[in-house]
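The block underneath contains the structure these notes are about, expressed in structure tokens.
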Amino acid sequence: MTSASWHARISCGRDTGAGFLVTERHVVTCAHVVARGATDPVSVSFAHAPGEPVGARVIAHGGWDGRDTDPGDLAVLELDQDVALKPAEFAAPDEAYGDPPRKLLAYGFPKRYEEGTLAEYRATAGQLIAGEWVQLEAWAAHGQPLVPGFSGAAVTLADSGRVVGMVSAAARDPGVRNGRMLPANVMARYWPRLGDLIPTPEYDGPQKERLRLLVEEAARHGELECSPQRLYEEAVTAFGPPPPPHGFASLWDAAWYLLSEVTDTKAAVRFAERLADFVEHTPTRTALRSWPYTHAEAVPRPRPRTATAPGSGAGARSWSPILVEIAPSGSGDQQFLVEVSAYNGSHRKVVGQRRLPADRVRAYALERIDEAYHALEPGARELLAFVLPRRWLNADVAHWQRSADDDSPLGTFAPLVVMDLERRRSGGLQHKLLQKWRELDTQRSARLRRIGCGSVGQDPVKLTIGLRRGADMVGFGAPPRADGTRRLFQATLNAAVPVMLWPRSGCRGGHTHDDCRGAAFLDRLAEHLAGLSPGDLPSHIHELRETAYASESPEPHWASDLALLWEDPRCLPDPVGYQHSPVG
């Protein structure tokens, strides 16, 4: 066995226990050993080193609250001064278990053993009891049992002296020859610096230390609107190991589980990048996104696509959308959940998510849209897609000033479409949309159905049924503001028509409007859409908006306030939106 001068005897008032040195100034022991540390002095001495005991204070606590079955029975002591002793070394977590069993040693300080004594034990199995402990059994029918004074003792491999855990429960009856060990990988949940010391096959020390520091820094900048368990699940993807039954008590708990239990190294990278989505502190957000590889290595990228005919299935799916979802929060009419995501192929990266009053939605969405561009490939075919509550579908998102430094409308910066929140969350309508796009992929042209200003008296149910059978695109001569037009608009959404266009202003609908602005709008629209494929329509409308906004004619361009609802579920997977939100 190697030298073990790091074994420590802990005194706290009248209580005595064991511990072990993990850095030149820190000793780990059980929380119950120093339970009176707030009122009684704590001192530490080392069995194999001469000198007076060293004073110490508790600087970290696992949360143990006094009962034998409570988790978190760990405390970290900071010594009043450094000691000139080599700290303990840790073994990999799985080295404690084997067939045949590994002999384990514990060095404790029971009564009448001021200098300490050894006990020989073995781990019953690697199975955790209540997600916290491993059961210890005596190595032989004779010898030193685990009794009071062993609490906090390091459990080491007999052949190497490396630490695999800590004795957390010792039998009060000397005739009972078992106990409990807090494994080293569980100990690290409660004091993150231990994670730097415990071997993990896939990560070196600097990598683990940097992630730990980043997670601690993220937690320091306020309460995060995310669940550690959700972050973990998104990091490991559907093919990774599930979270432990006890869940995660903290961000570090989830990060350490990734480092110690998950072999896919990129899962930890995805965890760091996903965590960055919820950190407002810019330096920490940037540092998380760069850990420990480049961003390009961290996020799965789609394979390059060959050129395809405009509007074909592959062409439609080649969009790389930036998705802005705005949904009522449920806490008042003027409160909304806003989530901005960036897509690369089937991978969806949430850039930001907040609960906001209506008057703050625009500013927040624009900031996150600009940030989302960092997640796109340089050659990506960008698409700004707004998922809006039905009453917001006529909102002027295409006219939003792009940024504080750029007065140009957002709709001239990139192709921009809107989608209906209710329809996006409907499994039946999403299925019908997919069927419609499969049909469109085989057609040379799309059928446009005109709904003029004088159509307000039409039966909405009959319109829905008719559109399901014979329309690929619908053009409205009036915006969905008047009651009659709004009912027809809803009927069209229910028909799963993938493309809808209308003027945001102008005619309010009526019965005798053959020569009104709405009719003229529909005439120009039909002319412009002739021969265009619906799959490529966002690009064509983008060009049309650029032309309209740049027009110097004294009369408004016919497409100056054109709205486009366009939805192809194939390029926007996961239509369930907030149903699986990571917000806690």
Side-chain angles (χ1 to χ4, degrees), residues 22-26 28 59-60 62 74 76 78 87-93 163 184-237 240-241 243-244 248-301 349-352 371 374-375 582:
V22 293
T23 79
E24 287 77 6
R25 198 161 188 165
H26 295 99
V28 174
I59 63 162
L74 177 139
V76 181
E78 184 176 78
E89 293 183 2
F90 285 84
V163 177
N185 56 321
V186 174
M187 294 166 62
R189 295 178 193 165
Y190 302 114
W191 195 48
R193 285 192 63 182
L194 285 179
D196 300 344
L197 307 176
I198 299 170
T200 50
E202 307 297 336
Y203 298 90
D204 60 29
Q207 287 177 326
K208 292 189 296 183
E209 181 181 15
R210 186 175 178 208
L211 180 58
R212 170 179 63 80
L213 293 172
L214 288 170
V215 169
E216 291 176 345
E217 185 69 13
R220 258 195 297 274
H221 288 281
E223 184 177 349
L224 300 173
E225 296 184 8
C226 59
S227 156
Q229 179 150 324
R230 185 61 180 167
L231 288 174
Y232 171 84
E233 290 171 345
E234 293 191 356
V236 300
T237 72
F248 299 116
S250 65
L251 283 174
W252 167 251
D253 192 2
W256 172 243
Y257 195 81
L258 281 171
L259 294 173
S260 60
E261 302 290 341
V262 180
T263 57
D264 177 10
T265 58
K266 290 188 177 181
V269 182
R270 290 191 290 268
F271 179 89
E273 283 208 328
R274 188 70 178 84
L275 175 59
D277 297 337
F278 299 94
V279 176
E280 290 297 325
H281 187 242
T282 302
T284 306
R285 178 195 290 259
T286 303
L288 279 162
R289 287 221 166 98
S290 66
W291 182 88
Y293 309 105
T294 64
H295 178 83
E297 291 174 291
V299 180
R301 303 298 190 192
K349 176 179 176 56
V350 178
V351 177
E371 186 176 345
H374 290 297

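In this structure a side-chain-to-backbone donor-acceptor pair under 3.5 Å is missing from K208 to Y203.
Residues satisfying the side-chain contact (heavy atoms from CB on, under 4.5 Å) criterion with P243, sequence neighbours excluded, are Q229, Y232, E233, F248. For E89, the side chain to side chain donor-acceptor pair (under 3.5 Å) test picks out K86, with sequence neighbours left out. Residues passing the side-chain contact (heavy atoms from CB on, under 4.5 Å) test with S260, sequence neighbours excluded: T200, W256. Under the side-chain contact (heavy atoms from CB on, under 4.5 Å) criterion, A287 pairs with L214, not counting sequence neighbours. Under the side chain to side chain donor-acceptor pair (under 3.5 Å) criterion, D196 pairs with R212, not counting sequence neighbours. Here T284 pairs with E217, A218, H221, V279, H281, L288 under the side-chain contact (heavy atoms from CB on, under 4.5 Å) rule; sequence neighbours left out.
For the residue pair W252 and A188, the shortest heavy atom distance occurs at NE1-O, 2.7 Å. Taking each heavy atom of A268 and L259 in turn, the nearest pair found is CB-CD2, 4.4 Å. Across every non-hydrogen atom of A267 and A235, the tightest pair is O-CB, 3.2 Å. Smallest separation of non-hydrogen atoms from A184 and I198: O-CD1, 3.1 Å. Taking both residues in full, the closest heavy atoms of A92 and P199 are given as N-CG, 3.8 Å, listed atom of the first, atom of the second, then distance.
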Next on the checklist: One pair to check against salt bridge (Lys or Arg N to Asp or Glu O under 4.0 Å): E216 and R220. What are the steps and the verdict?
Outcome noted: CA-CA 6 Å; E216 291 176 345; R220 258 195 297 274; 5.0 Å; no
Checklist entry - Between R270 and D264, does a side-chain contact (heavy atoms from CB on, under 4.5 Å) hold up when you go through it step by step? => result CA-CA 10 Å; R270 290 191 290 268; D264 177 10; 2.9 Å; yes
Checklist entry - Step by step, would you call V28 with L74 a side-chain contact (heavy atoms from CB on, under 4.5 Å)? => result CA-CA 7 Å; V28 174; L74 177 139; 3.9 Å; yes
Item to check | Stepwise side-chain contact (heavy atoms from CB on, under 4.5 Å) check, R193 with T23 | outcome: CA-CA 10 Å; R193 285 192 63 182; T23 79; 4.0 Å; yes
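Using a 4.5 Å heavy-atom threshold, the side chains of V351 and H374 count as separate. No side-chain heavy atom of V76 sits less than 4.5 Å from a side-chain heavy atom of L194.
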